[in-house]
Amino acid sequence: ILKARGILGLVIGPTPGLPVVPDLEWKEFAPVKIGVPLPGLPVPCAVSNHYQAMRRVLEQLQELGIRRVGLVLEEHQDAKTSGLWLAPMAAHQQQVAKADRVPPLLLSSWRQTDFGRWFRRYRPEVIVGLRRGVIDWLAGLGRRVPEEVGFVHLDRGTEPGDFAGIDQRAATIGAAAVDLVMNRLLLNERGLPDTQRSLMIDGVWVPGPTLRAPVGPGGSPRGLRGRG
């Protein structure tokens, strides 16, 4: 169909779960991917800067005086992003006091029992994740969000609700992918490049009702000095 209609430029959309590699004669087209690269196939892509996003989250939490931060991801989410969310979190855990370290929870399947064991053992003040189901799990454990535990969403535009977290700027990423396709067509490029090319778009922090500053001694919020 693509050949019959003379379509040369392709924008491959993001997929839930791990990306699936389309079966195409790549040399005939100028493809670009929205989101993380296709495994083993160097299709140029426009993608959210996941590493920067996690760094931004940790900076915001540090400013609020939050010490115990827990990351909850599914294993395929970590694999899909090549560990770019996990890496800055792991580095952060090495920089805080041992008593405040919370090992990341990587779930092979989305099970509340595994989450419950992890939460009761490590008692994070804030949970960073990619699914709002964490809020429901916390409610099942008798914990209120944000009064007792905060929640930060790493891609707040993908689920209904209002969350503190990262706006990955999906429209900007899509526009960048279209620009990449147009540039390839203008340069008469076809097929796959020799190496992976990724254009990373920084996300932005958005405050929300799932996060508030922890209360320190005397009832004053911790980490808000100098803010009036």
Side-chain angles (χ1 to χ4, degrees), residues 9-22 24 26 29-63 69 71-95 104 106 126-131 151-159 163-187 189-208 211:
L10 305 180
V11 176
I12 303 169
T15 58
L18 292 173
V20 177
V21 179
L24 291 173
W26 297 105
F29 305 103
V32 167
K33 172 80 165 53
I34 293 177
V36 297
L38 293 169
L41 204 64
V43 176
C45 66
V47 60
S48 175
N49 189 342
H50 302 299
Y51 189 92
Q52 172 269 342
M54 184 61 77
R55 290 288 301 272
R56 188 77 178 107
V57 166
L58 293 171
E59 289 169 1
Q60 289 292 323
L61 297 180
Q62 188 174 21
E63 287 184 15
V69 183
L71 174 65
V72 176
L73 292 175
E74 294 174 86
E75 289 179 352
H76 76 83
Q77 294 166 341
D78 179 56
K80 185 176 182 178
T81 57
S82 301
L84 291 175
W85 277 324
L86 183 61
M89 177 62 79
H92 169 78
Q93 295 295 338
Q94 297 303 310
Q95 296 167 5
L106 297 181
V126 170
I127 295 173
V128 181
L130 203 59
R131 291 181 62 169
F151 175 68
V152 172
H153 205 302
L154 287 169
D155 192 3
R156 63 190 303 277
T158 58
E159 296 188 286
F163 313 98
I166 296 295
D167 175 1
Q168 291 194 12
R169 302 169 70 193
T172 302
I173 293 172
V178 173
D179 287 343
L180 288 175
V181 169
M182 293 179 64
N183 287 335
R184 297 202 70 196
L185 292 174
L186 288 172
L187 294 172
E189 287 186 4
R190 301 290 185 272
L192 302 175
D194 294 333
T195 58
Q196 178 67 51
R197 305 173 189 172
S198 299
L199 175 59
M200 290 189 174
I201 306 298
D202 286 359
V204 293
W205 170 262
V206 180
L211 180 67

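Treat the numbers as computed from the prediction; the structure is a model and nothing was measured.
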Without swapping roles, check the side chain of [X] against the backbone of [Y] for a donor-acceptor pair under 3.5 Å.
X: Q168; Y: L154; answer: yes
X: R56; Y: V204; answer: no
X: Q196; Y: V43; answer: yes

Mind listing the closest non-hydrogen atom pair of [X] and [Y] along with its distance?
X: H153; Y: R156; answer: ND1-N, 3.5 Å
X: I173; Y: A46; answer: CG2-O, 3.3 Å
X: A30; Y: L185; answer: CB-CD2, 4.0 Å
X: A164; Y: L211; answer: CB-CB, 3.7 Å
X: I166; Y: G203; answer: CG2-CA, 4.2 Å
X: P31; Y: G191; answer: CD-O, 3.7 Å

Set out, in order, the CA-CA distance, both residues' side-chain angles and the distance that settles side chain to side chain contact (heavy atoms under 4.5 Å, CB included) for Q62 and H92, then state yes or no.
CA-CA 10 Å; Q62 188 174 21; H92 169 78; 5.8 Å; no

Do V57 and P88 have side chains that get closer than 4.5 Å, going by heavy atoms?
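Counting from C-beta outward, V57 and P88 never come under 4.5 Å.
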
Report yes if some heavy atom in the side chain of L106 is under 4.5 Å from a heavy atom in the side chain of L86; otherwise report no.
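Touching, per the 4.5 Å side-chain cut-off.
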
Could you go through the side chain to side chain contact (heavy atoms under 4.5 Å, CB included) check for M200 and Q52 one step at a time?
CA-CA 10 Å; M200 290 189 174; Q52 172 269 342; over 6 Å; no

Quick one: [atom1] on [X] to [atom2] on [Y], what's the gap to the nearest 0.5 Å?
X: L38; Y: K33; atom1: CG; atom2: NZ; result: 5.5 Å
X: L24; Y: L41; atom1: CG; atom2: CG; result: 9.5 Å
X: L10; Y: R184; atom1: CG; atom2: CZ; result: 9.5 Å
X: D78; Y: L130; atom1: CG; atom2: CG; result: 11.5 Å
X: L58; Y: Q60; atom1: CG; atom2: CD; result: 10.5 Å
X: T158; Y: R131; atom1: OG1; atom2: CZ; result: 10.5 Å

Selection residues 33-61 - residue pairs positive for ring pair (Phe, Tyr, Trp, His ring centres under 6.0 Å), sequence neighbours left out:
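Pairs touching residues 33-61 that pass the test: H50-W85.
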
Residue pairs meeting salt bridge (Lys or Arg N to Asp or Glu O under 4.0 Å), one or both in residues 190-203, sequence neighbours left out, come to E189-R197

Let me see the working for V128 and L61 under side chain to side chain contact (heavy atoms under 4.5 Å, CB included), right down to the final yes or no.
CA-CA 10 Å; V128 181; L61 297 180; 4.3 Å; yes

With side chain to side chain contact (heavy atoms under 4.5 Å, CB included) as the test, would you mind laying out the steps for M54 and L84 before giving the verdict?
CA-CA 8 Å; M54 184 61 77; L84 291 175; over 6 Å; no

